[in-house]
Amino acid sequence: MSNGADLLRMNRRTACGGLLAGLAMGLASAPAISQVLPKVVGKSFRLDSPHATYAFGVNERGQLQSLYWGAPLAAGDPLPPAIAAKELSSNELASTMTPFEFAGFGGGLTTEPALKVTLPDGTRDLELRYVDHRIEAGALIIHLRDITTAIDVHLRYAMDQSTGLVIRSAVVENNTRDWIQVDQLAAGNINLPAAEDYRLHYLAGRWSAEWQLQSRAVTPGSTVIESRRGVTSHQANPWLAIGRDDVAEESGAVWFAALGWSGSWRMTVDRDAIGAVRASAGYNPFDFSYRLRPGETLASPNLYLGFSGDGFGGASRLFHRYQRAEILPGVGHVRPRPVLYNSWEATQFDVTEAGQIALAEKAASIGCERFVMDDGWFGARDSDKAGLGDWTVNRRKFPNGLGPLIRRVKALGMDFGLWVEPEMVNPDSDLYRAHPDWVINFPGRPRTEARQQLVLNLARRDVCDHILTLLDKLLTENDIAFIKWDHNRNWSEPGWPEAAPAEQQKIYVDYVDNLYALIAELRRRHPRVEIESCASGGGRVDLGIMRLTDQVWVSDNTDPYDRMSIQDGFSRAYTPAIMMAWVTDSPNWVNKRSTPLDYRFLSSMQGALGIGANLHHWTAEDFATARAMIAAYKRIRSTVQQGDLYRLLPARKEGDRSATLSVSPDRRQAALFAFTRSTTMRETAMPVTLLGLDPARRYAMTLIAGEVAPGTPAQASGAFWMGRGVDFVMTGDFRGCAVRFDAV
Ligand code: GLA
């Protein structure tokens, strides 16, 4: 038997060899966190932080069952005993009644298993029992084994001291003498305290309409949120929150969960026959199987679990803090996002050296710090019909390569970024003509195209090596500070013909593991290059990819009003520190809505600001507005990106008003934004009271844009701003105001 400890440290491994061989996979696996020391009393285990307590124990049958998860308990408080459940009726067996931490499908289990396996003789029964535990690098490792077969499971639990986040994962190890097939693997089961009135909140949408907050009562039955698409997806995001009926933005108990996985995933929330509310999260078992030879292992993705007693706002502030401190590249020292210019909406595929330089000069004049050339610079890429896969500079558009453009951008005081979509190929490309076998496909079956492109099979070593070589060359030969890594379609015909039929479904895991390994290796070779995760907008945002990328593209929908409900939903789960938001042209290309330029700026200034407008269409007045707004943004940037977010008036689709407030970690600065879609009935003032300031400190108020009511003091205490607040004066359509508060 191999050492489970090593497995858990590695946690993820790669099928990619060649250039990627020997790569340390730590980046995509075990979090480097300030962990709490687990307490072990007999066979009960307890993780405590100032924000939450998480406890479980071994019952007299040797099964691992949940004991408590919620608000922090006092040190001396007793835990409920781990007592095996009794059969309730001949239809509700003990296995159905037990709140398992990690249930194997077997022994009559009718609730959702975390692990289901098939053995070579057809047996599909797994009953996991506690073997032993150990504490390693602050994490608690529980070893379980099946009652008759040498199938071992190592569960890893770690709790982050400063947020109470619990990070869970599981490794299945085949110690039999034959293969076993994993049909289903989750990071674990989750059990909530008994209550009748839970509501589930999650994020759903589609291309250009991502991140819409959904809410539904947890009634008897199951809710499944998932991606079957090979990628995280726009349709649903692997994050959910569960609260009692009365939870509000800033009050009430909220339990939340997020899965760090960028492939097909599934989360389930069930209210079962006995009224218990349980959840699970892991690989999507749809069309899934993973065969393990003797000695082989399969690791689940990391599952992040959090609790807050301060409503949805408290929950997201905890999670944002954790992401900045423990997930994002540069952990603990996350670099502020530069104000960038991106050429996509301005030029589409029509990029040339002269055209890009002309835009760069204007972008620099308003204060942009990074110039990003988007699609169209390579191969025969004049439209989305051709060229993907051929990552050589188009010499018609750039006769002297990228050098002259990059030098000019740098002389203008900006750094240079470039768009790539390395996982894709157009059938009309030299790469596809040379390697038609490199795409995901079933032999002899149609290859369904989306945007005229197919997906390269990153589960293959040769494909990974090819992509790594070309990106390495691009970054070595050119002074590139940033790449926007796109992924513009979901999978279809998910075949891997070169693998044995029984191994082909490993593609769902091996592709993503290799993608992580590829990006990690690229970062290792080019440590100063920053990366954005983009997938036709917000199709690949999750804690797996966030460990390797510095920022994310949230949506192709850049309409500033639509964006506010999109950004509100995004912020439920993910930090504004990575939330790219561009100011683009009006009317907007998505919905033809016209909005004033200052409104567009204020909408985007709630995240990481970018400009995507065609600057050749701007007036002198527009340039003056942009210059002032970008300068104002730079003064609040670290507060917006690294501070605590309060959704004072959450933005909703079709909603009239919204307001957000960001407060710096030291509470010395705050940035407040308020918006109206349309004032009616002669409404004039919009009163907003703040949160999170130091009541005893005095803060000076500076107007960034818009108007405040006459008589608003220039300085007052935190208590005043939180008690009396500010009255914004807003009349008309698509109006916005913003103010900055600085401690004096
Ligand atoms: C995707 C991205 C856009 C842009 C285009 C380029 O749609 O989301 O921002 O980069 O691809 O083809």
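First listed ligand is number 1; within each ligand, the first listed atom is number 1.
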Tabulate below the donor-acceptor pairs under 3.5 Å that side-chain atoms of residues 349-356 make, not counting sequence neighbours, or state none.
| residue | atom | partner | partner atom | Å |
| --- | --- | --- | --- | --- |
| Thr352 | OG1 | Gly355 | N | 2.9 |

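The six-membered or imidazole ring of Phe319 lies near that of Phe256, with a centre-to-centre distance under 6.0 Å.
Remark: Asp287 does not engage Arg228 in a salt bridge, criterion side-chain N to carboxylate O under 4.0 Å. Salt bridge annotation for Asp550-Arg523: present, with a cationic side-chain nitrogen under 4.0 angstrom from a carboxylate oxygen.
In terms of modelled atom types and a separation under 3.5 Å, the side chain of Asp622 and the main chain of Thr619 share a donor-acceptor contact.
Around ligand 1, the residues contributing at least one heavy atom under 4.0 Å from the ligand are Trp344, Asp374, Asp375, Trp419, Arg451, Lys484, Asp486, Asn488, Cys534, Ser536, Gly537, Trp553, Asp556.
A side-chain N or O of Tyr574 and one of Asn237 form a donor-acceptor pair less than 3.5 Å apart.
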